Amino acid sequence: MNDRRKSLFVPEKIDALRPFSAPLLAWYGANARRLPWRVLPTPYRVWVSEIMLQQTRVEAVVPYYERFLAALPDLPALARAPEDRLLKLWEGLGYYSRVRNMQKAAQAVVLAGGTNLPGSYEALRALPGIGPYTAGAVASIAFGIPVPAVDGNVLRVLARLLACREDIALPQVKRAFEQAAAALLLRECPGDFNQAMMELGATVCLPNAAPRCADCPVRAFCAAARAGNAPDYPYKSPKKPRVVEERTVFVVVAEHTVLLRRRAGKGLLAGMWELPNLAGWLSAEETGAVLAGWGMPEAETRALGDGKHIFSHIEWRMKGLLALPHACPPVEDGVWANAADLAERYALPSAFRPYARLLLELLARDGM
DNA sequence: AAGTCGGGGGT
DNA sequence: ACCCCAGACTT
């Protein structure tokens with residue numbers, strides 16, 4: 001075995017870092033944010049928080065978390081919830097496969113005769129939606145198992161502490177950091193140690209040019225801080241540019257309802273509801289043909305404003321089109337939804353927000 | 001190892 | 001504009 005894991009970090013360098021855990025833990029004890037999932041860290045509550053927190057900021061998660069736990073207070077309740085309800089609870093959070101996988105995992109537990117998550121790293125890791133980070137987080141925080149939990153925060157903190165210029169986007173390098181984190185982990189309080197590392201990254205060892213080294217409890221141990229170039233870490237390879245797509249979005253309103261369409265079960269925004277939309281900026285002739293195809297050739301139309309929405313790897317540049325047919329004919333994969341349906345039943349992705357306000361006004365207006 | 005999958009807030 | 005976030009899964 002001659003892989004790079006052994007050459008990436010010199011064991012003596014890791015050993016020299018080990019005493020940093022005492023000031024780190026002391027700092028965490030005094031500065032930990034009071035977060036809902038820290039009040040009563042049961043396996044289910046920690047799990048839900050960790051799934052929501054994947055690629056999502058704490059501030060964005062908190063309101064979703066409270067609402068989700070109130071609606072589905074335990075694992076069996078999650079296992080038996082209708083999918084539409086899950087998506088509605090997740091509406092606007094993004095990465096919707098997270099909640100589907102979470103339910104799959106809950107159903108697997110129930111099917112095996114259980115009512116709660118398994119208490120080992122390996123069994124957690126085997127469940128849908130639980131990868132190396134989440135398995136480590138739930139195992140350490142909820143079960144006290146001494147395993148690391150290496151997220152983006154921890155990668156950044158360690159890259160700076162060790163002044164490591166490797167590309168943290170590479171799986172190989174990430175594994176090396178997990179080894180380092182495992183070596184540094186405090187086995188007496190793995191959950192607090194892991195959370196302290198993340199808390200430091202989230203509130204002090206900030207990304208880009210914003211680290212607050214003067215406020216850092218472990219700056220004496222930090223190689224990057226000593227060199228005065230903490231902002232240079234971590235190194236990441238450039239990501240490829242987003243694809244720009246032009247789309248035409250139809251706002252079709254009749255009889256106080258709007259036409260929604262269900263998206264395909266796979267791919268972007270899988271299974272979500274949407275304002276019907278097509279690729280390209282359609283001409284008047286083309287929009288007329290589309291509306292005729294939906295059984296509303298008589299619909300009066302009006303151009304709406306432009307809208308933009310940025311996904312991770314795609315950018316939608318939207319042109320809106322208002323259509324006012326005289327009735328509500330059935331449309332394939334479509335439903336006619338009123339304001340109450342929109343509020344309670346159909347999960348509409350944030351991409352359509354540019355047209356949401358207008359839509360609600362139209363649904364409330366007389367003669368629509 | 002690279003691509004897919006959301007959305008929002010900070011700089 | 002660009003960054004990146006308590007990442008996981010598929011190809």
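Per chain, numbering begins at 1; letters A, B, ... match sequence-line order. Small disclaimer: the values here were computed from a predicted structure and weren't measured. Scope of the values below: all heavy atoms of this structure, side chains included, with no hydrogens, waters or symmetry mates.
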What is the base-pairing partner of B:dG8, counting Watson-Crick and G-U wobble geometry with both distances under 3.5 Å?
C:dC4
What nucleic acid atoms does A:Trp37 come within less than 4.0 Å of, heavy atoms only: base, sugar-phosphate, or nothing?
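Base, at least one base heavy atom under 4.0 Å.
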Indicate, with a heavy-atom threshold strictly under 4.0 Å, whether A:Asn208 touches base, sugar-phosphate, or nothing.
sugar-phosphate
Scanning both residues in full, the closest heavy-atom pair of A:Arg187 with A:Pro146 reads NH2-CG, 3.6 Å
A:Pro171 side chain: which of B:dA1, B:dC5, C:dC9 is closest?
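From the listed options, B:dA1 comes nearest.
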Per atom distances to the A:Ser312 side chain, the nearest of B:dG9, C:dG7, B:dC5 is B:dC5
Considering only atom P, compute the distance from B:dT11 to C:dA6 and round it to an integer number of Å.
14 Å
A:Arg98 (side chain) and B:dC5 (base): donor-acceptor pair under 3.5 Å:
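Per atom types, no contact qualifies.
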Within the modelled atom types, does a donor on one side and an acceptor on the other bring the side chain of A:Thr56 and the base of B:dG6 under 3.5 Å apart?
yes
Does either side chain, that of A:Ser140 or that of A:Asn194, offer a donor lying less than 3.5 Å from an acceptor on the other one?
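On atom types as modelled, these side chains qualify, holding a pair under 3.5 Å.
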Can you measure A:Ile310 atom CD1 to C:dA1 atom P for me and round it to whole angstrom units?
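Computing the A:Ile310:CD1 to C:dA1:P distance gives 8 Å.
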Starting at the 5' end of DNA chain B, which residue's closest nucleotide do you reach first, A:Leu206 or A:Met272?
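Looking at the nearest nucleotide for each, A:Met272 comes out on the 5' side.
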